[in-house]
Undergrad: 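Structure incoming, see below.
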Amino acid sequence: LNRLYVADAKARKVAVFDLATFQFLRWIGGVDAPEGEPNTYFIAPTNVAVDLDGLVYVVDSFADHILVFDPDGEPVRSVGGIGSGPGRFARPRGVAFDSDGHLYVVDAMTHRVQVLTPDGKPLMPIGGLGVNPGQFNVPAAVAVDQQNHVIVTDQMNRRIQVFQYVTDAEAAAERGQRPGA
């Protein structure tokens with residue numbers, strides 16, 4: 001949609017700009033939740049990602065969830081909630097999508113990256129507290145590049161870790177199957 005989304009934790013909103021002109025278009029969210037619409041309220045929006053359908057996922061680090069908006073800024077759903085179990089967060093920070101549409105969420109307090117469906121169903125965790133490869137100490141951000149490298153900043157270990165996501169099609173080909181079979 002040629003939009004740039006900027007999380008503003010201090011203003012407790014997300015600014016939307018036209019990517020071609022950098023003209024400000026609108027705000028998403030805010031500090032005052034209209035009655036009956038709690039999914040528009042942010043405490044500390046910190047990171048934003050857009051899925052393959054154009055839905056906007058905003059990490060609200062101090063509310064321990066991700067709010068999802070349509071391209072026009074209307075609330076769609078919330079993902080997660082406070083906790084340490086699958087699909088729950090203790091301090092979410094980074095968010096990204098791979099080419100198959102899986103949602104990656106970095107959780108600083110549980111020292112892991114969770115892989116979820118776009119609607120928040122847990123698929124698998126990556127990591128845990130530690131210094132060995134695949135472990136984290138306060139992970140801070142995640143990105144997925146066009147080659148499906150999952151790049152995670154590991155703040156207290158002062159490093160970046162890179163994982164390779166194998167797409168559904170690549171996995172099926174490796175098994176000698178056609179994708180989706």
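Everything numeric here is computed off the predicted structure, so don't read it as measured data. We use all heavy atoms of the structure for the numbers below, so side chains are in, but hydrogens, waters and symmetry mates are not.
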Undergrad: Within the 4.5 Å heavy-atom criterion, are Val58 and Tyr5 side-chain neighbours or not?
TA: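 Of all side-chain heavy-atom pairs linking Tyr5 with Val58, none is under 4.5 Å.
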
Undergrad: Report the distance from atom CE of Met109 to atom CD1 of Ile82, rounding to the nearest 0.5 Å.
TA: 10.0 Å

Undergrad: Cluster question for you: counting only ILVMFWY and a side-chain heavy-atom cut-off of under 4.5 Å, with indirect links fine, are Val59 and Leu103 together?
TA: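 Yes, Val59 connects to Leu103 through the hydrophobic network.
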
Undergrad: Is the shortest heavy-atom distance from the side chain of Ile66 to the side chain of Val105 under 4.5 Å?
TA: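 Yes; the side chains approach each other to less than 4.5 Å.
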
Undergrad: To the closest 0.5 Å, what do you measure between CG (Asp60) and OG1 (Thr46)?
TA: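 Asp60 atom CG to Thr46 atom OG1 measures 7.5 Å (nearest 0.5 Å).
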
Undergrad: Tell me, do Val50 and Tyr57 make a side-chain contact under 4.5 Å, heavy atoms counted?
TA: no

Undergrad: Would you say the side chain of Arg91 lies within less than 4.5 Å of the side chain of Asp64, judging by non-hydrogen atoms?
TA: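 In contact.
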
Undergrad: Taking all atoms of both residues into account, what is the closest heavy-atom pair of Ser61 and Pro92, and its distance?
TA: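 Closest approach of Ser61 to Pro92: OG-O, 2.6 Å.
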
Undergrad: When clusters are formed by joining ILVMFWY residues with side-chain heavy atoms under 4.5 Å apart, either directly or through shared neighbours, do Phe62 and Val106 land in the same one?
TA: no

Undergrad: How far does CZ of Arg112 sit from OG1 of Thr110, to the nearest 0.5 angstrom?
TA: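 Answer rounded to 0.5 Å: 4.0 Å.
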
Undergrad: With distance as the sole test, does Gln161 use its side chain to make a donor-acceptor pair with the main-chain N or O of Gly134 at under 3.5 Å?
TA: yes

Undergrad: If you measure from CG on Leu4 to CG on Leu25, what distance do you get to the nearest 0.5 Å?
TA: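 If I round to the nearest 0.5 Å, the distance is 9.5 Å.
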
Undergrad: Evaluate Tyr104 against Val150 for side chain to side chain contact (heavy atoms under 4.5 Å, CB included), listing each step before the verdict.
TA: CA-CA 9 Å; Tyr104 292 74; Val150 179; 3.8 Å; yes

Undergrad: In terms of hydrophobic clusters joined by side-chain contacts under 4.5 Å, are Phe136 and Val142 together?
TA: yes

Undergrad: Give a yes or no on whether Gln164 atom CD has more than 12 heavy-atom contacts from other residues, nucleotides or ligands under 6.0 Å away.
TA: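 Yes, enclosed.
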
Undergrad: Verify salt bridge (charged side-chain N to carboxylate O under 4.0 Å, His left out) between Asp119 and Arg77, making sure each step is shown before the conclusion.
TA: CA-CA 8 Å; Asp119 60 352; Arg77 66 178 165 270; over 6 Å; no

Undergrad: Would you indicate whether the side-chain heavy atoms of Val16 and Trp27 approach each other to under 4.5 Å?
TA: no

Undergrad: How far apart are the C-alpha atoms of Ile160 and Val152, what are their side-chain angles, what is the distance that settles it, and do they pass the side chain to side chain contact (heavy atoms under 4.5 Å, CB included) test?
TA: CA-CA 6 Å; Ile160 295 172; Val152 182; over 6 Å; no

Undergrad: Are Phe22 and Phe17, when compared by the centres of their aromatic rings, separated by less than 6.0 Å?
TA: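 No, the ring centres sit 6.0 Å or more apart.
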
Undergrad: Is there side-chain contact between Val56 and Val48, with at least one heavy-atom pair below 4.5 Å?
TA: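 Of all side-chain heavy-atom pairs linking Val48 with Val56, at least one is under 4.5 Å.
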
Undergrad: Quick check: closest heavy atoms across Pro71 and Leu1, and the distance to 0.1 Å?
TA: CB-CD1, 3.2 Å

Undergrad: So which atom in Pro45 and which in Ala7 form the shortest heavy-atom distance, rounded to 0.1 Å?
TA: O-CB, 3.7 Å

Undergrad: Salt bridge or not for Asp154 and Arg159, using N-O below 4.0 Å?
TA: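 Answer for the salt bridge query: yes.
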
Undergrad: Under 3.5 Å, is there a donor-acceptor pair between the His111 and Gln135 side chains?
TA: no

Undergrad: Could you give me the CA-CA distance, side-chain angles and deciding distance for Leu116 and Leu123, then say whether side chain to side chain contact (heavy atoms under 4.5 Å, CB included) is met?
TA: CA-CA 5 Å; Leu116 311 166; Leu123 297 174; 5.6 Å; no

Undergrad: How close do Leu67 and Phe42 get, heavy atom to heavy atom, and via which atoms?
TA: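 Where Leu67 meets Phe42 most closely, the heavy atoms are CD1-CE2, 3.4 Å.
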
Undergrad: Apply side chain to side chain contact (heavy atoms under 4.5 Å, CB included) to Glu170 and Arg175, showing your working.
TA: CA-CA 9 Å; Glu170 291 168 336; Arg175 291 188 305 270; over 6 Å; no

Undergrad: Is there a ring-ring contact (aromatic ring centres under 6.0 Å, His included) between His102 and Tyr165? Walk through the geometry before answering.
TA: CA-CA 10 Å; His102 301 115; Tyr165 170 68; 5.5 Å; yes

Undergrad: Please round to the nearest 0.5 Å and tell me the distance separating atom CZ of Arg26 and atom CZ of Arg3.
TA: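 Output value for this atom pair is 5.0 Å.
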
Undergrad: Measure from the side-chain N and O atoms of Asn157 to the backbone N and O of Gly130, and report whether any donor-acceptor pair falls under 3.5 Å.
TA: yes

Undergrad: Check whether Asp72 reaches the backbone of Glu74 with its side chain - one donor and one acceptor, N or O, closer than 3.5 Å.
TA: no

Undergrad: Within the 4.5 Å heavy-atom criterion, are Val115 and Ile126 side-chain neighbours or not?
TA: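 Yes, their side chains come closer than 4.5 Å.
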
Undergrad: Once rounded to the nearest 0.5 Å, what's the spacing between atom CG of Asp53 and atom CG of Asp70?
TA: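 Between atom CG of Asp53 and atom CG of Asp70 there are 11.5 Å.
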
Undergrad: Evaluate the side-chain proximity of Val113 to Asp107: yes if any heavy-atom separation is below 4.5 Å, no if none is.
TA: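 When only atoms from C-beta onward are counted, Val113 and Asp107 do not touch, as no gap falls below 4.5 Å.
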
Undergrad: Side chains of Asn148 and Ser99: do they bring a donor and an acceptor to under 3.5 Å?
TA: yes

Undergrad: Hey, any chance Phe24 and Val6 share a hydrophobic cluster, counting ILVMFWY side chains that come within less than 4.5 Å of each other, even indirectly?
TA: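 Linked, Phe24 and Val6 end up in one cluster.
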
Undergrad: Any chain of hydrophobic side-chain contacts (each under 4.5 Å) joining Phe97 to Phe89?
TA: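 Linked, Phe97 and Phe89 end up in one cluster.
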
Undergrad: State whether the side chain of Thr21 and the backbone N or O of Gln23 hold a donor-acceptor pair below 3.5 Å, judged by distance alone.
TA: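 Between the backbone of Gln23 and the side chain of Thr21 there is a qualifying donor-acceptor contact (under 3.5 Å).
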
